[in-house]
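Quick note: numbers below take in every heavy atom, side chains included, and nothing from hydrogens, waters or symmetry partners. Sequence lines set the chain letters: A, B, ... in the order given, protein chains first and strands last, and positions in each chain run from 1.
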There are 2 protein chains.
Amino acid sequence: MSVPRVALTVDLVILTVREQRLCALTWMRDSEPYRGCWSLPGGFIQLDEDLPVAAARVMDEKAGLADVRIHLEQLATFGYPDRDPRQRVVSVTYLGLAPNLPASSRAQVTWKPVDVLLAREENAFDHRRILRDGVERARSKLEYTPLAAAFCPPEFTVAELRRVYEIVWGTPLDPRNFHRKVTGADRFLVPTGTTTTRDGGRPARLFRRGGAVQLHPPMLRPSA
Amino acid sequence: MSVPRVALTVDLVILTVREQRLCALTWMRDSEPYRGCWSLPGGFIQLDEDLPVAAARVMDEKAGLADVRIHLEQLATFGYPDRDPRQRVVSVTYLGLAPNLPASSRAQVTWKPVDVLLAREENAFDHRRILRDGVERARSKLEYTPLAAAFCPPEFTVAELRRVYEIVWGTPLDPRNFHRKVTGADRFLVPTGTTTTRDGGRPARLFRRGGAVQLHPPMLRPSA
DNA sequence: ACAAAAGTGTTTGGGATACACCCATGT
DNA sequence: ACATGGGTGTATCCCAAACACTTTTGT
């Protein structure tokens, strides 16, 4: 029995926080279609390759973030027939949250603020839609998982973590109540025992990510 | 440029509540591979077909639930290389919640309790894993969306809705507090103005689904 | 001394839980 | 009359928001 076969890609929504803004890793296209438009880093899946493996390979080859072991989770699959003008291509997308890192050395790959990307129209395929879904997923994941810490360097202060929440959610948070909530949440943060004054003022305790997978209790967004 | 192409299927996790149990629609395989094992209803995607359209077609052709317009949402995509012994097949899965309906007239398609399906090993491909993910998604969706009402007939009582929650979550709920919460949630339920005594006792008001998409405030599971 | 940021204590209000109690039907 | 389930009222508790206040640094 013969069945239709389609080309399958993995496309990545890699987010970070840098210079007080939520940014996504973009690939500037230098060939048709959509030459000169931004796209998400992506690549075709090999026949013998598992989906997460393909995602990790694209992280390496296209995004230039090979060494960095960042959290990658499946976002959604996009496959309406004409999303790629050349042929039927179905895209399995992954969401990753990274600390503020230099991206690839290639000029083609850069961090861009998501609000700029979502406002501009010059995007390839349906990648603006995919980015929007990824950002929304990240926003809600911050509520009930400890993934906000994935945006931070290995050691960070409570205030730095709060800045992540404020930038991703786009809302100011009360520093005092935030402090109590995150330090009280089960296995969210583990103190290193050291402090830093890099943010000015009184020395702040440094923390590392704890082993929690879910957040109890969750950090809920202000009612919006 | 030549790229690898793979076969793509849509597989459905269709859940309902019947006879006090959470059940899933299963397809009994009558050909190899996995002859005699249960599987999820599924089918190959056509070249010119959007993914949700393919899901609706499978609902019709395989599940025999054509007329019924039920809620279908994308669940996840499964694609490790050897999940189908014949060839590389990637499966885009959808989750649907249905009221208690007669399934197809074909004996091959039946409702089976999910606890039985998840306990048994005689399943095709990785469909047990997919079912498990679908059930978990449904459980958490009941918390913050009004989808529990999708398990009910068009008109239903608060107690019938409560039974849905109790069966899907596997926990008893306080009838009084449940009543207050669901009738107080914004646009969850709209009263029809009529009552029924089909459950015995004092007549219960009948409700229809309201227009809410999210639940404010959410119905949280007992801490478990 | 003063500014700046970290961290703690305290009050208060809304929502959830637990449960007593009343209502409206069938038998 | 009584059983059965529908529905309301109420005390209590917990948690989160709001914000005054103390602590510890740099300049």
Side-chain angles (χ1 to χ4, degrees), chain A residues 20 142-144 148-149 152 155-167 169 171-186 188-208 214-224, chain B residues 20 142-144 148-149 152-153 155-167 169 171-186 188-208 212 214-224:
Chain A
Q20 312 295 326
L142 257 54
E143 293 193 321
Y144 53 93
C152 296
E155 301 196 347
F156 53 92
T157 67
V158 170
E160 287 160 0
L161 184 65
R162 176 169 49 84
R163 237 95 67 191
V164 165
Y165 274 93
E166 291 178 330
I167 290 166
W169 284 349
T171 3
L173 299 172
D174 184 291
R176 290 84 53 110
N177 293 330
F178 181 86
H179 188 279
R180 214 189 333 256
K181 275 163 87 168
V182 295
T183 53
D186 188 39
F188 189 2
L189 303 179
V190 290
T192 62
T194 55
T195 60
T196 181
T197 58
R198 63 189 177 212
D199 297 328
R202 168 175 168 180
R205 297 163 70 197
L206 282 167
F207 294 88
R208 253 189 280 273
Q214 299 282 318
L215 236 43
H216 290 295
M219 307 282 302
L220 296 176
R221 272 181 272 194
S223 54
Chain B
Q20 312 294 327
L142 257 54
E143 294 193 322
Y144 53 92
C152 297
E155 300 196 349
F156 53 92
T157 69
V158 170
E160 287 161 0
L161 185 65
R162 175 168 51 82
R163 251 150 247 147
V164 165
Y165 274 92
E166 290 177 330
I167 290 165
W169 284 349
T171 6
L173 299 172
D174 184 293
R176 290 85 52 112
N177 294 331
F178 181 86
H179 188 278
R180 214 187 335 253
K181 275 163 87 168
V182 295
T183 54
D186 187 40
F188 189 2
L189 304 178
V190 289
T192 63
T194 55
T195 60
T196 181
T197 58
R198 63 191 177 210
D199 298 328
R202 168 176 167 179
R205 297 162 72 197
L206 283 167
F207 294 87
R208 253 189 279 273
Q214 298 283 315
L215 235 44
H216 290 293
M219 306 283 303
L220 296 176
R221 273 181 271 194
S223 53

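- When DNA chain D is scanned 5' to 3' for any atom under 4.0 Å from a heavy atom of chain B, the first and last hits are D:dT4 to D:dT10.
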### Task
Go through the steps for B:Ile167 and B:Gln20 under the test side chain to side chain contact (heavy atoms under 4.5 Å, CB included), then give the verdict.
CA-CA 7 Å; B:Ile167 290 165; B:Gln20 312 294 327; 3.8 Å; yes
### Message
Protein within reach of the bases, or only the backbone? For nucleotides 17-27 of chain C, mark each nucleotide 5' to 3' as B, S or -, using heavy atoms under 4.0 Å.
### Response
BBBBB-BBB--
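- Note on the helix from C:dA1-D:dT27 to C:dT27-D:dA1: angle between the axes of the first and last five pairs equals 10°, rounded to 10 degrees.
- In this structure A:Asp199 satisfies the salt bridge (charged side-chain N to carboxylate O under 4.0 Å, His left out) test together with A:Arg163, sequence neighbours excluded.
- With hydrogens and angles ignored, the 3.5 Å screen pairs a side-chain donor or acceptor of A:Glu143 with a backbone N or O of A:Arg221.
- The residue A:Pro217 sits close only to the backbone: its heavy atoms come under 4.0 Å of sugar-phosphate atoms, none of a base.
- Counting to the nearest Å, the C1' atom of C:dA5 and the CG atom of A:Leu206 are 14 Å from each other.
- By the 4.5 Å heavy-atom criterion applied to side chains, A:Pro175 and A:Val158 are not counted as neighbours.
- Partners of B:Arg202 under the salt bridge (charged side-chain N to carboxylate O under 4.0 Å, His left out) rule, at least two apart in sequence or in another chain, do not exist in this structure.
- Residues B:Val164 and B:Ala148 come closest through the heavy atom pair CG1-O, 3.9 Å.
- Annotation for B:Tyr165 and B:Met219: closest pair OH-CG, 3.8 Å, computed over non-hydrogen atoms.
- No option in A:His179, A:Arg180, A:Lys181 other than A:Arg180 meets the side-chain hydrogen bond (donor to acceptor under 3.5 Å, both in side chains) test with A:Asn177.
- Atoms CG (A:Leu189) and C1' (C:dA6) sit 15 Å apart, rounded to a whole Å.
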Using atom types as modelled, flag every donor-acceptor pair under 3.5 Å from a side chain in residues 190-197 of chain A to any protein atom, sequence neighbours excluded.
residue, atom, partner, partner atom, Å
A:Thr192, OG1, A:Thr194, N, 3.2
A:Thr192, OG1, A:Thr194, OG1, 2.7
A:Thr192, OG1, A:Leu206, O, 3.1
A:Thr196, OG1, A:Arg198, N, 3.1

### Task
Starting from the C-alpha separation in whole Å, work towards a yes-or-no answer on side chain to side chain contact (heavy atoms under 4.5 Å, CB included) for A:Phe207 and A:Glu160.
CA-CA 10 Å; A:Phe207 294 88; A:Glu160 287 160 0; over 6 Å; no
